[in-house]
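Written below as C-alpha cells is the structure these notes are about.
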Amino acid sequence: MAPTTPTTHKYTLSPSAHLRLHLHSFKYSTTPVIGLLIGTPPSPSQSSTVEITHALPLFHTAPLLPSLDIAFNLVDTYLSNKNLSIVGVYAGNTAKNDTTPSTVVKRIADRVEQVLGGGAVIVMIDAVGFGTKPNAGGVIPYVSASTSSWSGLARAQFEAPSAANGQLKNAVAERQYERVIDFDEHLDDVSLNWIGSNLRD
C-alpha cells in the first residue's frame with residue numbers, strides 16, 4: 001500500500017454502501033468493477049466527517065468517456081434536490097490481491113476531486129484482506145496527494161462497518177448480488193432502474 005497522505009477529513013462507510021460495493025465485485029468476480037460513492041460532501045474550508053451513504057455501481061467493462069459523462073449527468077440530476085453529492089469512487093481489480101487504483105479509476109476520482117474542491121476518496125476493494133483483516137472491512141481508502149496521484153489514507157481516518165464479514169456472507173448465501181444493477185446493465189436494458197435500485201434511502 002502507498003504511504004499515507006495527511007487529510008483533515010474523516011470518512012465513514014455505511015453498512016449498505018459497504019455491502020453493495022462488495023456485492024458488485026462478487027457479481028462480476030472475473031472483471032474489474034468501478035462505482036461511485038455518494039454521501040455528504042466535505043467542507044472546503046475546515047475538517048469534516050464525510051459520510052458515505054451509498055455505493056452506486058457503474059461498470060464491469062472498460063468505461064468509455066461518453067458513457068461516463070452520461071452516468072455523471074444522470075447522478076447529478078438525481079441528487080440535485082438532495083443533500084448528497086458524489087464524494088468518491090470505488091473499484092475492484094481483476095487480480096483480487098491487487099488493491100492499487102488503476103489509471104482509469106484515478107482519472108474518474110480526479111474529476112470528483114475537482115468538482116468537490118478537495119476531499120474525494122477512492123475505496124479499493126480488498127477481497128483477500130476481507131478474510132484476513134476483518135476489522136478493515138475488506139477495503140483500502142486513498143485520498144488525493146496531487147493531480148492523478150493518490151495515496152493511502154490513515155486507517156484512523158476511515159471507518160468501515162465492523163460486522164461486515166457476517167453480513168456479506170449472509171447476502172452472498174441469499175444471492176443478493178444477482179439484484180445489483182450497474183450502469184453497464186442499464187445501457188443494455190434501459191428498463192432496469194439503475195439509480196433507484198441502488199440509491200434507496
Side-chain angles (χ1 to χ4, degrees), residues 11 13-14 16-41 50-80 82 84-96 98-116 119-127 138-144 148 150 160 168 171 176-201:
Y11 301 82
L13 183 63
S14 74
S16 60
H18 179 268
L19 179 63
R20 191 161 300 272
L21 65 87
H22 274 292
L23 289 178
H24 188 207
S25 177
F26 192 89
K27 182 175 182 177
Y28 295 104
S29 60
T30 61
T31 63
V33 295
I34 298 175
L36 297 176
L37 298 171
I38 311 298
T40 57
V50 179
E51 297 181 1
I52 303 169
T53 57
H54 300 83
L56 182 57
L58 284 182
F59 305 112
H60 61 273
T61 61
L64 300 175
L65 183 58
S67 297
L68 185 63
D69 287 341
I70 293 171
F72 265 82
N73 288 336
L74 289 172
V75 176
D76 286 339
T77 299
Y78 183 87
L79 297 177
S80 61
K82 298 175 174 59
L84 297 172
S85 299
I86 301 170
V87 297
V89 179
Y90 75 82
N93 293 323
T94 303
K96 300 310 177 186
D98 179 8
T99 57
T100 302
S102 68
T103 299
V104 170
V105 169
K106 288 188 286 186
R107 286 176 178 168
I108 298 173
D110 284 341
R111 177 172 178 168
V112 178
E113 176 82 357
Q114 183 177 16
V115 171
L116 286 177
V121 64
I122 295 174
V123 172
M124 293 300 298
I125 297 170
D126 181 14
V139 293
I140 296 179
Y142 293 78
V143 291
S144 179
S148 293
W150 293 75
L168 179 60
Q176 291 183 24
Y177 54 87
E178 294 180 348
R179 300 198 294 269
V180 174
I181 300 170
D182 65 16
F183 187 60
D184 272 335
E185 291 174 284
H186 174 73
L187 289 176
D188 290 335
D189 181 357
V190 295
S191 69
L192 295 175
N193 188 6
W194 162 61
I195 292 182
S197 66
N198 290 298
L199 296 187
R200 294 192 186 98
D201 294 332

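Count residues from 1 along the sequence. Bear in mind the structure is a predicted one, so any value in this text is a computation, not a measurement.
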Measuring from [X]:[atom1] to [Y]:[atom2], what's the distance to the nearest 0.5 Å?
X    : Y    : atom1 : atom2 : result
F26  : L168 : CZ    : CG    : 7.5 Å
T40  : K82  : OG1   : NZ    : 15.5 Å
E51  : L84  : CD    : CG    : 10.0 Å
I108 : L65  : CD1   : CG    : 9.5 Å
I181 : H24  : CD1   : NE2   : 11.0 Å
N73  : I70  : CG    : CD1   : 8.0 Å

Check [X] against [Y] and note the closest heavy-atom contact, atom names and distance.
X    : Y    : answer
L199 : I38  : CD2-CG1, 4.1 Å
L68  : L58  : CD1-CD1, 4.3 Å
I52  : A17  : O-CB, 4.1 Å
H22  : V139 : NE2-CG1, 3.9 Å
P141 : V121 : CB-CG2, 4.3 Å
L74  : F183 : CD1-CE1, 3.9 Å

Any side-chain heavy-atom pair of [X] and [Y] under 4.5 Å:
X    : Y    : answer
D69  : R111 : yes
D110 : W150 : yes
T61  : T31  : no

Legend entry - Step-by-step side chain to side chain contact (heavy atoms under 4.5 Å, CB included) determination, I86 to V115: CA-CA 9 Å; I86 301 170; V115 171; over 6 Å; no

Side-chain donor or acceptor of [X] paired with backbone N/O of [Y] under 3.5 Å:
X    : Y    : result
D182 : D184 : yes
W194 : P57  : yes
S197 : N193 : yes
D98  : N93  : no

Legend entry - For K27, the option from E178, E185, Q176 that meets side chain to side chain donor-acceptor pair (under 3.5 Å): E185

Inset, instruction - Take M124 and T100 through the side chain to side chain contact (heavy atoms under 4.5 Å, CB included) test and state the conclusion after the steps. - result: CA-CA 7 Å; M124 293 300 298; T100 302; over 6 Å; no

Legend entry - Derivation and outcome, side chain to side chain contact (heavy atoms under 4.5 Å, CB included), residues Y11 and V87: CA-CA 10 Å; Y11 301 82; V87 297; over 6 Å; no

Inset, instruction - Dump the intermediate steps for side chain to side chain contact (heavy atoms under 4.5 Å, CB included) on I125 and V33, then the final yes or no. - result: CA-CA 9 Å; I125 297 170; V33 295; 4.3 Å; yes

